[in-house]
K.L.:
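Before I ask anything, here is the structure I am working with.
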There are 2 protein chains.
Amino acid sequence: MVKIRSRDSNFDCVTCIMRKRSDWSVLGHDEVTLLAGGQSSYRYSAGESVYSMGETGDGVYCVCSGTVAIRRLDAEGNSVLLQLAYPGDTLGYEAVLTGEPHRCNAEALGPANVCHINTPTVKTLLDQNPGLGLQFLRRTVASLDDAQDKLVHHATLSNRAKLAHLLLILMDRYGRRTADGTSTLYLPVSRRDLASMIGARHETVSRIIGRFETDGIAYFSGRSVRIPQVNALVEEIRPQLVG
Amino acid sequence: MVKIRSRDSNFDCVTCIMRKRSDWSVLGHDEVTLLAGGQSSYRYSAGESVYSMGETGDGVYCVCSGTVAIRRLDAEGNSVLLQLAYPGDTLGYEAVLTGEPHRCNAEALGPANVCHINTPTVKTLLDQNPGLGLQFLRRTVASLDDAQDKLVHHATLSNRAKLAHLLLILMDRYGRRTADGTSTLYLPVSRRDLASMIGARHETVSRIIGRFETDGIAYFSGRSVRIPQVNALVEEIRPQLVG
DNA sequence: GGCAAAATTTGACGTTGGTCAATGCACTCC
DNA sequence: GGAGTGCATTGACCAACGTCAAATTTTGCC
């Protein structure tokens, strides 16, 4: 993780193009100046930690580029990948709001620019502009909705269906349609993370992948995936409770 | 569901003792008056619906007494019990904030008093008092944290461990310690709901209950549960991935 | 480029837990 | 009081999936 020099206007909230797509879009001109004053930009490499479970929240983080994985570990060290954060997403505000330590790890999955906004600045802005809190609230409600959908899926879908569903979600962000109607996808995560996202073991994911290939549904090579018919994945998602 | 007459001071926000334990505790005197003006009290019987998936949110609901179950259904009609709401909890604000229809059903599990606060009043209060939004935000963050913990449990615990864990949680609210060190518990939900809460089939829950009894861990009779040693339940919760 | 560590795949095996079906039980409604 | 309805329990069966272990590939790092 490297700090980016403060005067670089490519990494300044005032000019940041991500800001308009983020929670901070509700701020007025003076408030953006205040934001810029409490902000520092950092460059992370793949695998570097943005914050860790148990640490005290010392501010919030705003993703400018790259993908950040939000993970939670249980007592035995099993890691579960709960969420992928993308440019425009704000992270770590839970700890600032509750005063509790972070409940998750945040880790850059690849090269990523992430800005830090210190706690005093965040609290001042929250007090000053009710819209900012509502924006955070809307985002948190969306995350909650997402988590609850996952709970429903965990309760009703087979691992095979859950993997198909996850591939469809990843398609939205990482997929490309090629001319002949097939789609390709470069996975942002390892097989282990894939497994933890659907609540299965990584060996099981390997086997499901094998069956997807024999069934002609998706072909994997490392992190590249080729999907001849996206609809075939949709067909896989049928609630049918299974071991 | 029966409307309670408006002038009954036992069901008025100004005098409501639940208010001080709820999100609305941040309101000032004038704001409470405004709240009371936009509020109506209702009495629900067991099984009655407070709101349903797909309906447009026409305000928020505040639980005064009783327990309200928050459920989500999937496309095939499988119901998953996501949350139990207790006196002081505010429900349905997600739909008001996002403008989207309700994503869950809310249903009284037994006799319950629930107040309704109409959307204009809620929006006025949110604009007027930034603390109210922050209060909602804090509560939503807590719900999200809870949902994510469940996701981790679904990914790492066996159904038996999950049921033990659920019983411990229900003990906190519905349990009683008797003189001789044993504890008793009256379940607020059916076996089916119990099953959906841990992501298992109701037959599986029946069998786990049978094994808890042969193992001397917990004895079930209808919705009554007797637990000789609460610690025995804690022992059951060990992450060990399993079928 | 080459070594070490990590990730992935594959196999064999046992268990959990889902499916289907039958029965018993509790409650409500005429 | 009897029929009807939904819930719970139990049994038989087996497919899905976790566990353990070993082989193989990929990745990261000097």
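Proteins come first, then strands; the chains are lettered A, B, ... in the order of their sequence lines, and each starts at number 1.
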K.L.:
Nearest whole Å is fine: how far is D:dA16 C1' from A:K162 NZ?
P.N.:
12 Å
K.L.:
Check whether any side-chain nitrogen or oxygen of B:R201 sits under 4.0 Å from OP1 or OP2 of C:dT19, and answer yes or no.
P.N.:
yes
K.L.:
In whole Å, I'd like the distance from the CG atom of A:L194 to the P atom of C:dA7.
P.N.:
14 Å
K.L.:
Closer than 3.5 angstrom, by distance alone: can the side chain of A:N105 be matched with the main-chain N or O of A:M53 as a donor-acceptor pair?
P.N.:
yes
K.L.:
What integer distance in Å separates A:R211:CZ from D:dA15:P?
P.N.:
13 Å
K.L.:
Looking at residues at least two apart in the chain, or sitting in another chain, which of them share a salt bridge (charged side-chain N to carboxylate O under 4.0 Å, His left out) with A:R139?
P.N.:
A:D23, A:D89
K.L.:
Please report the distance, rounded to the nearest Å, between NE2 in B:H154 and C1' in D:dC17.
P.N.:
17 Å
K.L.:
Nucleotides 4-10 of chain D: which of its N/O atoms have a protein N/O under 3.5 Å away?
P.N.:
from, atom 1, to, atom 2, distance (Å)
D:dA8, OP1, B:R191, N, 2.9
D:dA8, OP2, B:R191, N, 3.4
D:dA8, OP2, B:R192, N, 3.3
D:dT9, OP1, B:R191, NH2, 3.1
D:dT9, OP2, B:R191, NE, 3.0
D:dT9, OP2, B:S206, OG, 2.7

K.L.:
Measure the distance from CD1 on B:I198 to C1' on C:dT16 and round it to the nearest whole Å.
P.N.:
13 Å
K.L.:
Out of A:R211, A:K162, A:R160, which residue meets the salt bridge (charged side-chain N to carboxylate O under 4.0 Å, His left out) rule with A:E236?
P.N.:
A:R160
K.L.:
By salt bridge (charged side-chain N to carboxylate O under 4.0 Å, His left out), which residues pair with B:R43, not counting sequence neighbours?
P.N.:
none
K.L.:
Does A:S190 offer a backbone N or O that forms a donor-acceptor pair with the side chain of A:H202 under 3.5 Å?
P.N.:
no
K.L.:
A:N78 CG to D:dG18 P: how many Å, rounded?
P.N.:
12 Å
K.L.:
Whole-Å distance between D:dA16 C1' and A:L157 CG?
P.N.:
14 Å
K.L.:
Hey, is the main chain of B:R192 close enough, under 3.5 Å, to the side chain of B:R201 for a donor-acceptor pair?
P.N.:
no
K.L.:
Send over the distance from A:N159 CG to C:dG18 P, rounded to a whole Å.
P.N.:
12 Å
